[in-house]
Q: 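Take this structure, written in structure tokens, and hold onto it; I'll ask about it next.
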Amino acid sequence: MILFWLIVILMAGSFLAWLSSRWSSVAPKWIALVAVLIDFLAAASFWIKIASFNYPAAGNTLIAGNKGLWFTELNWMWIPSFGISFHLASDGLSLLLVMLTLFIGVLSVLISWNEIQYKVGFFYFNLLWILAGIIGVFTAIDLFLFYFFWEVMLIPMYFLIGIWGSKNRIYASFKFFIFTQSSGLLMFLSILGLFFLHGKATGVYTFDYMQLIGTKMAPNVAMWLMAGFVIAFIVKLPAVPFHNWLPDAHTEAPTAGSVILAALMLKTGAYGLIRFVLPLFPDAARTFAPAAMILGAIGIIYGAVLAFAQTDFKRLVAYTSVNHMGFVLLGVFALNEMALQGVVMQMLCHGISTGALFIIVGALYGRIHTRDIEQMGGLWDKVPRMGSMAMVFALASLGLPGLGNFIAEFLVLAGAYQASNWTTAISTIGLVLSTMYSLRIMAKVFLGKPRKTWTLEDLNLREMIVMGSLTIVILWLGLFPNHVLYVSRASIQSVVNTVNASSTAAGQANTLLQDLPLDKTEKKNDDISLKQKDRQKEQIKIEEQIKTEEQLRTEQQIKAEEPIKTEEYMKSEEHTKGGIRQ
Amino acid sequence: MLELLWMVPALPFLGYIILALFGGRMTKGISAAVGVGMLGLSALITIVIAISFIASPPEGYLFLQTLWKWVDVAGFSPAIALRLDPVSLVFIFIITFVGFLIHLYSVQYMEEEDSTWYARFFAYMNLFVGAMLMLVLADNLLLLYLGWEGVGLCSYLLIGYWYKDPANGAAARKAFIVTRVGDTAMAIGLFILVMAFRTLNIQEILRHVPLVWPVSSQAVVITALMLLGGAVGKSAQLPLQTWLPDAMAGPTPVSALIHAATMVTAGVYLIARMHVIFLQAPEVMTIVGIIGALTLIIAGFSAITQFDIKKVLAYSTISQIGYMFLALGVGAWSAAVFHFMIHAFFKALLFLGAGAVIYALHHEQNMFKMGGVKNMLPLTFWTFVIGSASLAALPLVTGGFYSKDLILYLAFTGEHGSKLLYFAGLFGALITAVYTSRMVFLTFYGHEKTHLHNRPGPVMEVPLIILAVLSTIGGFIELPGTLGHFPLFSNFIQNILPSPGSGEGHEGIGTELMLQIVAAVVAIGGVFIGYLLYYKKPETVQNFKQTPSGQSLYKFWLYGWGFDWVYDTLFVKPIDWIAQVNKSDVIDLIYTAIAWLTRGFNRMFSFTQTGRLRWYAMGIAFGAIVAITIVVFL
């Protein structure tokens, strides 16, 4: 139920905020803030509740009907005749992203406090709708519902850019809309294709994710269906060459819009790849993986070089997203646990660090009304607090150890290296390039000689609260990444296992066909799959070890608490989980 | 007492946090008290730990302290854990103790800054020391990498400390980016290790490498090369040495810290620490030795031509680290660490001495505008001479003699050694002696050219005295076979790093004595040459400089053998060019073209919509004809 309430509270808040703007221009802000804060606290307390139990055991495989991974689930009939249900659920991965959404949500209400003076009520209405849509995207596991939320978050964002944006906002909002909408349509076609394919094969026509997993399909069909999803997601991500909506949309949007775009909306693309593309089309994903990794590497390098060239501060930060999201694409298609966990970290850390940079850009623009870095310089003297905050997040975006982004990039690269060493080695050059653009920000804006004499105030208390909390979070993620890695571990492992399980199945099918004389290439493939099997065996061994260790630990805990009930506990691990699931 | 280990890095970090958060509102006195105090405490704890470590060594000369689990993914689980053994003990002692002296010295040196800047200075300095301590105490390579990048960051912050001058900012960025190039190579090395061993724990890697990777196998060679890439970046060795001379843009105590206690020795530490990998890859060991030899000669020649006293010292550091790399390349691990220690003493001393002169002469750094400082600042003069003697390795009485001699001896006789490397080292020693004496004569002798502006107080002088004492007696803890054979230091280190496997047995004491005499003669000869060329008959050099070939050679050496120019043409300019050309993103043209085409079609078709009935009628008729034709004829 909590997921339902999270969405409903935001939607109710949005209408209230809009209505209240008839009587007061202050009320919408407060209503929005309260609504998001309630949501945030609710989600946080839910997380704490989960964390006090043990996270689901590792080593699950996603198979049709397996419900073991969800912390909480809600399944209502919606349009039963088409097999559409209002099916929300959250596992570790979605929980983390929901937390990120609400955290950034609170901050984006705070940063719009003074910036937005025009149509305040309608602004917060849109803002809360976007957040609700994003939470829906992260928790919907009915594909139709997912697509529904995908559109829900798109339209208010179109308004946000088109109404409250800067000079070139109409162009930017159109571009944003067309890119996402057309790619979204491709995804919808794929969803329908999957729906009919599964219906024909099994007689059950459904959009339910858990049932669609494992649908058998011919390789080329899988490739086409996957393409629809992949295009929608990598346009959103964005990957080169589909990134062109991003710099315009980010640059023209109001600060809160840029923050939400960068911190949250890009993550829906990454989330979609992990949640849908890999489990639904494991074989096709494996075929596509090398190409996708190369696309990721291109994104890393190309985005960084473009960021380095920009003179518009906001556009510069926008292009850094292209650079950082390259790591996501690289990691997702490395198809191993280390890289995928790195991707989860990267999603969170990029949300925090790039969001923070956009907030700084916005704060600066509010004071000096220009984004041209050629006119800035030497601002540290006047705004030391802003300067040091900018320094922290410039360092985060270049991947300084101690801050979260380092863990993310290291895990992605170390994991990706195991999948493809050359692609990864080239991507690693991105670390040098990201240093170049990050230091350029500091050099042009805050250090050096002042080029103009600006009079401006340093960050005020409200802004310091925003930036301070972002700093604490990025440090926390950098020093104690396990707090989030453990949450997403089971989800990620299940995805990896699903992909690998299908690969061993394919391998077995190959060995059955071995009556025919083998040529050399096939032999090679066999060797590789054998190696993979060995690796899997090792993995399984390790996982078993971990499992037994965990069991031991929980047993000890239980023993310490309730020495008598041990046997009962041993029978049902579900017991604890069932309790959480509601 | 060893349990206190975590406080050694924690205290400087704490100092940083206090100064960063509240430094703006502190008076200079409090800032200095926090900055210096934290380091002083850290140094005290280190000494306590050292005493208890030596008095009752833990099992296997190894003490581990795990603070918390850092990352835990797919069986790869590095922790935030500290590791103390003889090597890291030597390093933390130098870092905290020399670091403390430098901090103390800065209290007066930086007094002209206003209080926010003053606090910022000490904040960065504390962070620098903390990061370096993490580097040498890390029990796994991921944590080491944290310290590794941390010192890179702090060098950036401190070199660009006077950020209002864009040139300082450029130097700072150069330091960060050039070392990051090396770091990237190192990161790839770490990826290989993670893939092969699922761990970055130093102890486990050292144990597993010889079992899993055969000698000279591709994996071990690439890994060693990648780690070497990281090491040459941080340690300013060929081909990534270009950032260090520019790094002189920072305040002088920063240079002392970078050169003596932190940062540039990180590469030496890394190679010594991961020596097993290098032993499995003898080709790479040879490369390490060659890099060291080339660097020490190239940097030596550049040092001769500099006119900025700090740049002389910068090149001399590059050159001295070259000796350490040479030592590493011939497998003389403990000799490298020993030279690191002695070098830390005398290089800190020289930088602080140079700083005292600069401070006294109102920020004059050009040696040709100094002169006669001997009488103005006698104490600075004498301590500086002691440091210089150690740098030039004057025989018997200086620490530098013992450490450098050990390296040369092992290069000559060791099993990985080679005569070529030995002669390179010997030649380097000659150059070292020449540029050292040149520096002393130009700065302190001759007639006075700039007047005394400030006088260094006791806060600045006490560190000079202590360092002067240490750089003299520091050598006596490792006496060679000819002088009583008292290898205290290498015995201590050899608990953790293997002995160089030198021919101590089969090469007699005669060889050793002969090599020492040669080294001594070379050093004294070099000083004499310096005396002749720069004090007795300076016109010889001046005349040579006037000739065209002399002029171009001078320029070539002055600008560091043209490396900067090469990198500029090969990397900086092309990247800049591509970035500028593609600023508005070519890929966007595709989408603009699509939009343009769509609009074109729109225009074409809207042109047909005229509202005139006969056009429409004609259109229908024409369409009908076409349709009928198709039906009938096809």
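Keep in mind that what you see is a predicted model, and the values were worked out from it rather than measured. Proteins get letters first, then strands, A, B, ... in listed order; numbering begins at 1 in each.
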Q: Over 60° means perpendicular and under 30° means parallel, so classify the ring planes of B/Phe76 and A/Phe410, tilted if in between.
A: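 Judged by the thresholds at 30° and 60°, the geometry between A/Phe410 and B/Phe76 is parallel.
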
Q: For B/Tyr145, is it the side chain, the backbone, both or neither that has a heavy atom under 4.5 Å from a heavy atom of chain A?
A: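 Answer is both: backbone and side chain atoms of B/Tyr145 are under 4.5 Å from chain A.
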
Q: Taking the six-membered ring where the residue is Trp, are the ring centres of B/Phe197 and B/Trp213 under 6.0 Å apart?
A: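 Yes - the distance between ring centres of B/Phe197 and B/Trp213 falls below the 6.0 Å cut-off.
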
Q: What part of B/Leu67 gets within 4.5 angstrom of chain A, counting heavy atoms only: side chain, backbone, both, or neither?
A: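 No part of it gets close to chain A.
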
Q: Hey, are A/Lys175 and B/Asp588 close enough for a salt bridge, meaning a charged N less than 4.0 Å from a carboxylate O?
A: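 Salt bridge between A/Lys175 and B/Asp588, a charged N being under 4.0 Å from a carboxylate O: yes.
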
Q: Against chain A, label B/Ile590 side chain, backbone, both or neither, depending on which of its atoms sit under 4.5 Å from a heavy atom there.
A: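 Neither part.
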
Q: Just so I understand: if I count every heavy-atom pair under 4.5 Å between each of A/Val305, A/Asp248, A/Leu413 and chain B, which residue has the most?
A: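 Result: the option with the highest number of such pairs is A/Leu413.
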
Q: So which part of B/Trp68 gets closer than 4.5 Å to some heavy atom of chain A, the side chain, the backbone, both or neither?
A: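 Interface part for B/Trp68: side chain.
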
Q: Would you mind checking which part of A/Leu306 comes under 4.5 Å of any heavy atom in chain B, side chain (CB onward), backbone (N, CA, C, O), both or neither?
A: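 For A/Leu306, side-chain heavy atoms alone lie under 4.5 Å from chain B.
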
Q: Compute both the distance and the angle, then confirm whether B/Arg120 meets the cation-pi test with B/Trp117: under 6.0 Å from the six-membered ring centre, within 45 degrees of the axis.
A: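 Flagged: B/Arg120 positioned over aromatic ring of B/Trp117.
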
Q: In terms of relative ring orientation, are B/Tyr118 and B/Phe122 parallel, tilted or perpendicular, with 30° and 60° separating the classes?
A: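 Because their plane-to-plane angle is over 60°, the rings of B/Tyr118 and B/Phe122 count as perpendicular.
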
Q: Between A/Trp245, A/Phe446, A/Phe308, which has the largest tally of heavy atom pairs under 4.5 Å with chain B?
A: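 It is A/Phe308.
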
Q: Without swapping roles, check the side chain of A/Gln310 against the backbone of B/Lys583 for a donor-acceptor pair under 3.5 Å.
A: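 It does hold such a pair.
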
Q: B/Thr242 and B/Lys174: which non-hydrogen atoms are nearest, and at how many Å?
A: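 Result for this residue pair: O-NZ, 3.4 Å.
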
Q: Do any N or O atoms from the side chain of A/Asn482 and from the backbone of B/Trp70 form a donor-acceptor pair under 3.5 angstrom?
A: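 Yes, A/Asn482 side chain to B/Trp70 backbone: donor-acceptor pair under 3.5 Å.
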
Q: If you count heavy-atom pairs within less than 4.5 Å of chain A, which of B/Asp183, B/Asp72, B/Val194 leads?
A: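 It is B/Asp72.
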
Q: Between A/Val240, A/Ile178, A/Thr311, which has the largest tally of heavy atom pairs under 4.5 Å with chain B?
A: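 With the most close heavy-atom pairs to chain B, the winner is A/Thr311.
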
Q: Please classify the contact between B/Val586 and chain A as side chain, backbone, both or neither, with a heavy-atom cut-off of under 4.5 Å.
A: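 Contact with chain A is through both the backbone and side chain of B/Val586.
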
Q: For chain B, which candidate among A/Leu439, A/Leu411, A/Val432 shows the most heavy-atom pairs at distances under 4.5 Å?
A: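 Looking at each option in turn, the highest pair count goes to A/Leu439.
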
Q: What part of A/Asp381 gets within 4.5 angstrom of chain B, counting heavy atoms only: side chain, backbone, both, or neither?
A: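 When you check distances to chain B, atoms from both the backbone and side chain of A/Asp381 fall under 4.5 Å.
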
Q: Within the 4.5 Å heavy-atom criterion, are A/Leu475 and A/Leu403 side-chain neighbours or not?
A: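 The answer is yes; the side chains approach within 4.5 Å.
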
Q: Specify which of A/Met338, A/Met436, A/Met345 makes the most heavy-atom pairs with chain B at under 4.5 Å.
A: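 Ranked by contacts with chain B, first place is A/Met338.
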
Q: Answer with side chain, backbone, both or neither: which region of A/Phe242 has an atom nearer than 4.5 Å to a non-hydrogen atom of chain B?
A: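 Contact with chain B is through both the backbone and side chain of A/Phe242.
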
Q: Answer yes or no: is there a donor N or O on one side and an acceptor on the other, between the side chain of A/Thr424 and the main chain of A/Ala416, under 3.5 Å?
A: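 At least one qualifying donor-acceptor pair exists.
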
Q: Between A/Leu400, A/Leu431, A/Ile407, A/Leu479, which shows the greatest number of heavy-atom pairs under 4.5 Å with chain B?
A: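 Result: the option with the highest number of such pairs is A/Leu479.
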
